[in-house]
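All remarks here apply to the structure that follows.
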Amino acid sequence: MTVRTRFAPSPTGFLHIGGVRTALFNYLFAKQQGGRYILRIDDTDQERNVESALAPILHGFRWLGIEWNEGPEVGGPHAPYFQSKRGARYQEAVDALLASGHAYRDYARPEELDVERKAAEAEKRQFQYSRRWMASSAEDRARFEGEGRKWVVRLKMPREGKLVLPDLVRGDVEFQWAQEADHVIQRGDGSFIYHLANVVDDRDFEISHVIRAEEHLSNTPRQLFMVQALGYPMPKYAHLPVVAEPGSKRKLSKRKLEQYLKNPDFKKVHDHGTQIAQAMRLTTAAETFNPVIVDFYEQVGYLPDAIVNYLLLLGWSLDDKTEFFTRDEMVKSFSLERVQGAPASFDPMKLQAFQMRYMQELPLAEKVARARPFVDKAGLTVDDAKLARVVEALGDRIKVFGDILIQGAFFFGEDVSYDEKAWQKRVMAPGAVDKLAEYRGWLAGREAFDAASLDRDTQAWLAERGWALGDIVHAVRVAATGAAGGPGLFECLALIGKATCIHRLDRALARARG
RNA sequence: GGCCCCAUAGUCUAGCGGUUAGGACGUCGGCCUCUCACGCCGAAAUCCCGGGUUCAAUUCCCGGUGGGGUCACCA
């Protein structure tokens, strides 16, 4: 049997980080088994804009390197891969279910159902539809329609016995059929409900393994009921733990940014990204710019490999020590048996740690190339040679590519903005301004402005006066870069260049002296 | 609330009857250093509770408690 897995996003316009984890597991499992991974679009409920709402999702997956073998844009033997275009197949299934008595036309009005539901609630018993408006014959239909009623199609669920669902992650899970409601599968307007579409598609696409998040576990009985009623082969199921909020076990949602920002780690990552976005004058609407959405990481300059590696470890592990995996290693070592059952909290700091590690392994030339777009988007004009030197000087300070604009801000442009705390501590320190002025004078008088000679000659100059490097270095740094930290001072001065250095020192002196 | 799932430090996890309970992120302390970052060294911190089973339970069973998912003419 060929393994075929699928991920089925709804075109919402955003690629959710939890969705990526689920997609990744599907992708890895299929690849490992020599199978195929399919992307199917669950757009039964979308009227329009599917194209534009889908584009960011496809883009996100491509950016992450999670490519699908069949689906939108790549096609495949079972096209179309859009639920909205498969209505005829769903209708056939509904007709079959109706014909075999596994489904019925129901003419109940919503209010009437509500009355039953409330009554059950009042009596503290489980609601079970009376099937009072179930049409069992042509006569029933005529009568109900005569009353001006409209129908929906409901599943006629068993009301006794149990279902044992063999789950690859959780083992056998038992459900009582009587607990299951007569779910609607076709709406009054003729459109189809997801569960029906899902079952038909999984069969049509020959899906062998349904790997999805736990939130779908309780949907499985009604889906299996349809699978059996329609005589479809039963796929294997694996219900993954949900990806949870930072510091909690609740399902991660993209609608709760405000709340997540109360988490210090999440806020840190978000604010850092915002700073970068602002340097590029990007809009940072919560809808699109949010660490729960993959697009955030692309815009800020994370590495896809770091994100994928991090996500791999959300709910899965190989052993007690291996944390870093190449794509090939992931494919080779992934297994559903080692998937965790409990929710896994999304930890943005750990993601960042992976990011840093992957960044460290990147050759300089590639770092430079990938930092380029950020510099351009910020509207800075920097030639390749200087950019390369800046990236090299910044070293590990560039944790995400966008950091070139934060950590390296003072390498570009004429003026800098001062870190007020550092300014007070370093420039306004007693005696610092006079020494700064003297050093400025000496600096202005020299020709050579490379880091090595600046370093050597400054030491000599200091020695003449009986000063130590510590007497001037901090004030000079703040005056020339505006920042409290950064690469070696002489490296900074050399990169900034003599003219700009002098200009900045003059400006700082003027500011310090009021 | 019903049904279902789950339970090792703040977080991700290893463990599958006997371990000083291992690793990673984070935290704290130190070293390196012109600063910051990196790096290095070290430290604190975990088996939800109660019953069984067993010579022996973090590990197996049951119960409780806690957390989560789900209960739509959303997907």
Side-chain angles (χ1 to χ4, degrees), chain A residues 8-12 42-46 83 106 110 113 120-121 124-127 150-154 165 167 169-171 173-176 178-181 183-195 197-198 213-221 239 241-242 244 246-251 263-265 310 313-324 338 340-354 356-357 359-360 394-399 403 407 422 426 455 458 468-474 476-478 481 483-490 492:
Chain A
S10 180
T12 54
D42 282 11
D43 56 351
T44 54
D45 198 39
Q46 309 280 323
Q83 291 192 329
D106 182 51
L113 247 24
E121 219 168 279
K124 292 197 161 184
R125 68 179 157 78
Q126 192 212 326
F127 166 65
K150 305 258 290 179
W151 56 264
V152 297
V153 178
R154 288 182 184 279
L165 164 69
D167 188 281
V169 171
R170 289 154 210 282
V173 182
E174 290 190 12
F175 298 90
Q176 296 300 319
Q179 296 283 344
E180 295 296 316
H183 300 281
V184 172
I185 54 173
Q186 184 169 23
R187 301 187 185 93
D189 65 2
S191 65
F192 305 94
I193 293 290
Y194 158 78
H195 300 287
N198 181 63
E214 195 205 331
E215 58 197 277
H216 290 284
L217 185 54
S218 59
N219 297 156
T220 311
H239 286 93
V242 296
S248 130
K249 296 292 182 194
R250 252 159 292 145
K251 190 169 75 169
N263 176 288
D265 292 343
Y310 170 68
L313 268 2
L314 266 190
W316 179 85
S317 66
L318 176 63
D319 53 29
D320 59 340
K321 39 185 70 86
T322 317
E323 287 226 292
F324 292 90
R338 293 196 62 86
Q340 205 76 10
S345 302
F346 174 65
D347 180 354
M349 293 309 283
K350 182 133 187 176
L351 202 196
Q352 214 177 51
F354 273 96
M356 202 179 69
R357 287 291 304 270
M359 200 63 134
Q360 283 172 342
L394 253 14
D396 289 338
R397 292 172 193 82
I398 299 182
K399 294 188 167 128
D403 280 329
Q407 301 296 323
R426 302 304 197 182
D455 191 348
T458 298
L469 183 58
D471 291 329
I472 60 157
V473 71
H474 300 110
V476 175
R477 173 184 296 282
V478 175
T481 71
L489 178 65
F490 302 110
C492 286

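Because the structure is a prediction, the values reported are computed rather than measured. Lettering of chains follows the sequences in order, A, B, ..., and the numbering in each one begins at 1. Excluded from the calculations below are hydrogen atoms, water molecules and symmetry mates; all remaining heavy atoms, backbone and side chain alike, are included.
- Only the C1' atoms considered, A45(B) is 15 Å distant from G22(B), to the nearest whole Å.
- In this structure, T44(A) reaches the A75(B) phosphate: one of its side-chain N or O atoms is under 4.0 Å from OP1 or OP2.
- Taking every side-chain heavy atom of I193(A) into account, C74(B) is the closest of C12(B), C74(B), A7(B).
- Closest approach to the S10(A) side chain among A75(B), U35(B), C12(B) is made by A75(B) (side chain taken as heavy atoms from C-beta onward).
- For R170(A) against C5(B), no side-chain N or O and base N or O form a donor-acceptor pair under 3.5 Å.
- Relative to the side chain of Q340(A), the nucleotides A14(B), A75(B), C5(B) differ in distance, and A14(B) lies closest.
- Looking at the side chain of D320(A), the nearest of the listed nucleotides A14(B), C73(B), G39(B) is A14(B).
- The side chain of K350(A) lies closest to C25(B), out of C25(B), G39(B), C5(B).
- Among C34(B), G2(B), A14(B), the nucleotide with an atom closest to any side-chain atom of Q179(A) is G2(B).
- At the heavy-atom level, G188(A) lies under 4.0 Å from base atoms of the strands shown.
- Nucleic acid contact class of Q176(A) (heavy atoms, under 4.0 Å, all strands): none.
- In this structure, C34(B) makes no Watson-Crick or G-U wobble pair, since no nucleotide meets both defining distances under 3.5 angstrom.
- To the nearest angstrom, P of A37(B) lies 18 Å from CZ of R357(A).
- At least one side-chain heavy atom of P487(A) sits under 4.5 Å from a side-chain heavy atom of R397(A).
- Within 3.5 Å, no donor on the side chain of E121(A) pairs with an acceptor on the base of G1(B), nor the reverse.
- Among the atoms of the strands shown, base atoms are found under 4.0 Å from some heavy atom of P487(A).
- Among U70(B), G23(B), C73(B), the nucleotide with an atom closest to any side-chain atom of V184(A) is C73(B).
- Going from atom CG of L217(A) over to atom C1' of C4(B) covers 6 Å, rounded to whole Å.
- Within 6.0 Å of the CZ atom in R187(A), the count of heavy atoms belonging to other residues, nucleotides or ligands exceeds 12.
- The side chain of R250(A) lies closest to G68(B) when the candidates are C34(B), G68(B), A37(B).
- The side chain of K399(A) approaches A37(B) more closely than any other nucleotide in the set A37(B), G68(B), A75(B).
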